[in-house]
Amino acid sequence: MLLRLPTSLSEARRCLAEGAVPVGGATLVWAQWQRDGFPEQAMSLRRLPEATVVGAETLGAAVLLHQVDDRVPEVLRRAAASIGTGAVRRTATVGGNIVGSTLRCLLPPALVLDARATVLDRDGTYEADLAEVVAKRPLMLAIRWRRPLVSGYHKAPGEAGGPPPLVVATAVHAEEDGGRRLHTAVRDGDEVVSAGVPATADTRQVLDSLDGTALGGLPGKARDVLRREVADVLGRADT
């Protein structure tokens with residue numbers, strides 16, 4: 001197998017056109033390749049500047065999970081730190097978790113940040129929402145978001161080989177009209193559900209508003225955790 005390492009977008013487009021299979025840390029495909037055979041060409045984005053950036057409002061798809069630090073919002077940093085073992089985090093990538101993984105621990109944080117993805121195909125780059133990225137699995141270069149006022153992340157303890165643990169992500173954003181908006185996303189089982197409501201000063205009113213969204217259909221335990229996380233992030237937004 002030939003591993004290609006483009007250093008520019010034009011070179012990456014050429015690799016795609018010539019049939020190179022995009023791969024990050026290969027943590028999700030190595031076993032499959034060993035079973036089914038290796039492709040003739042693979043392409044890693046680890047030398048592409050657009051895919052390796054870490055900033056206050058941008059995170060590259062080729063960034064390794066252990067490289068996600070306090071330059072990004074708390075919700076993303078804590079999510080990345082909770083994925084797998086240290087050995088996994090030193091190999092697995094942001095793009096692999098969002099696009100390739102079935103667990104997608106980084107998807108709820110990206111949703112509450114109102115993130116959009118920068119995607120590359122043979123015609124060039126374009127922006128896509130995360131629903132399209134998850135459904136179509138294109139070659140993602142990075143995610144970009146609005147910087148929140150405050151954010152939070154909770155991941156329940158899980159067992160290896162067991163069901164996906166509950167994940168609750170929250171963020172409060174400033175609105176152009178001077179108000180604030182709460183974004184929440186929950187992974188319960190294999191499903192990720194998200195919603196946004198005005199973040200008023202009345203926490204109970206905010207929680208009641210969330211009950212009127214798709215999040216109101218969560219089972220009791222998940223709803224209890226959600227309500228606790230929402231109350232916490234709203235309290236921190238007011239300090």
Side-chain angles (χ1 to χ4, degrees), residues 1-30 39-81 83-84 88-101 103-148 151 169 171 173 185:
M1 180 182 72
L2 173 65
L3 178 63
R4 303 179 68 173
L5 299 165
T7 58
S8 67
L9 290 177
S10 60
E11 188 179 357
R13 287 173 59 192
R14 186 164 61 252
C15 291
L16 282 178
E18 294 173 359
V21 177
V23 60
T27 56
L28 298 171
V29 297
W30 193 259
E40 292 184 6
Q41 298 183 66
M43 174 177 64
S44 169
L45 301 180
R46 66 189 184 209
R47 293 183 184 172
L48 187 67
E50 291 85 351
T52 53
V53 61
V54 181
E57 297 180 349
T58 309
L59 185 61
V63 173
L64 301 177
L65 296 180
H66 82 98
Q67 296 172 321
V68 180
D69 56 25
D70 58 8
R71 287 173 287 181
V72 307
E74 176 186 351
V75 64
L76 266 179
R77 175 179 54 79
R78 289 176 58 190
I83 297 171
V88 169
R89 292 190 292 274
R90 288 190 293 272
T91 306
T93 62
V94 169
N97 184 269
I98 294 176
V99 181
S101 172
L103 296 179
R104 298 189 177 98
C105 293
L106 295 183
L107 179 58
L111 289 171
V112 302
L113 293 176
D114 200 20
R116 290 183 62 80
T118 303
V119 173
L120 177 69
D121 64 15
R122 297 182 183 186
D123 297 321
T125 61
Y126 64 95
E127 279 201 355
D129 62 35
L130 294 176
E132 178 183 344
V133 168
V134 170
K136 297 183 178 180
R137 298 192 173 193
L139 178 57
M140 189 176 78
L141 296 177
I143 55 173
R144 302 177 184 277
W145 58 82
R146 296 188 302 139
R147 191 183 309 191
S151 63
H173 293 269

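A side-chain donor-acceptor contact under 3.5 Å links R137 to the backbone of V99. A donor-acceptor contact shorter than 3.5 Å links the side chain of Q41 to the backbone of E18. No side-chain donor-acceptor contact under 3.5 Å links W145 to the backbone of L111. Remark: the backbone N or O of V75 is paired with a side-chain donor or acceptor of S151 at under 3.5 angstrom.
Interatomic distance, I98 CD1 to C105 SG, rounded to the nearest 0.5 Å: 10.5 Å. The distance from the CD atom of Q67 to the CG atom of L59 is 9.5 Å, given to the nearest 0.5 Å. Between the CZ atom of R46 and the CG atom of L5 there is a distance of 5.0 Å, given to the nearest 0.5 Å. Of the inter-residue distances, the one linking E127 atom CD with T118 atom OG1 reads 5.5 Å to the nearest 0.5 angstrom. In this structure, R90 CZ and L65 CG are separated by 11.5 Å, a value rounded to the nearest 0.5 Å. From T52, atom OG1 reaches atom CG of L48 across 7.0 Å, with rounding to the nearest 0.5 Å.
Summarising the geometry of A62 relative to T93, their closest heavy-atom pair is O-CG2, 3.9 Å, with the distance given to 0.1 Å. Nearest heavy atom pair, residue P39 against residue V21, reads CB-CG2, 3.8 Å. Scanning both residues, V72 and V68, for their nearest heavy atoms gives CG2-CG1, 3.7 Å. The two residues P148 and P73 have their closest heavy-atom pair at CD-CG, 3.9 Å. G124 and R13 get closest at one heavy-atom pair: N-NE, 3.7 Å. Shortest non-hydrogen contact noted between P138 and Y126 is CB-OH, 4.2 Å.
Residues meeting the salt bridge (Lys or Arg N to Asp or Glu O under 4.0 Å) test with E74, sequence neighbours left out: R78, R236.
Surrounding CZ of R47 are at most 12 heavy atoms belonging to other residues, nucleotides or ligands under 6.0 Å away.
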V94 and L76: CA distance, side-chain angles, deciding distance, side-chain contact (heavy atoms from CB on, under 4.5 Å) verdict: CA-CA 10 Å; V94 169; L76 266 179; over 6 Å; no
side-chain contact (heavy atoms from CB on, under 4.5 Å) between E50 and T125, intermediate numbers included: CA-CA 11 Å; E50 291 85 351; T125 61; over 6 Å; no
Stepwise side-chain contact (heavy atoms from CB on, under 4.5 Å) check, L141 with L9: CA-CA 10 Å; L141 296 177; L9 290 177; 3.7 Å; yes
Chi angles and distances behind the side-chain contact (heavy atoms from CB on, under 4.5 Å) call for L120, L45: CA-CA 11 Å; L120 177 69; L45 301 180; 5.7 Å; no
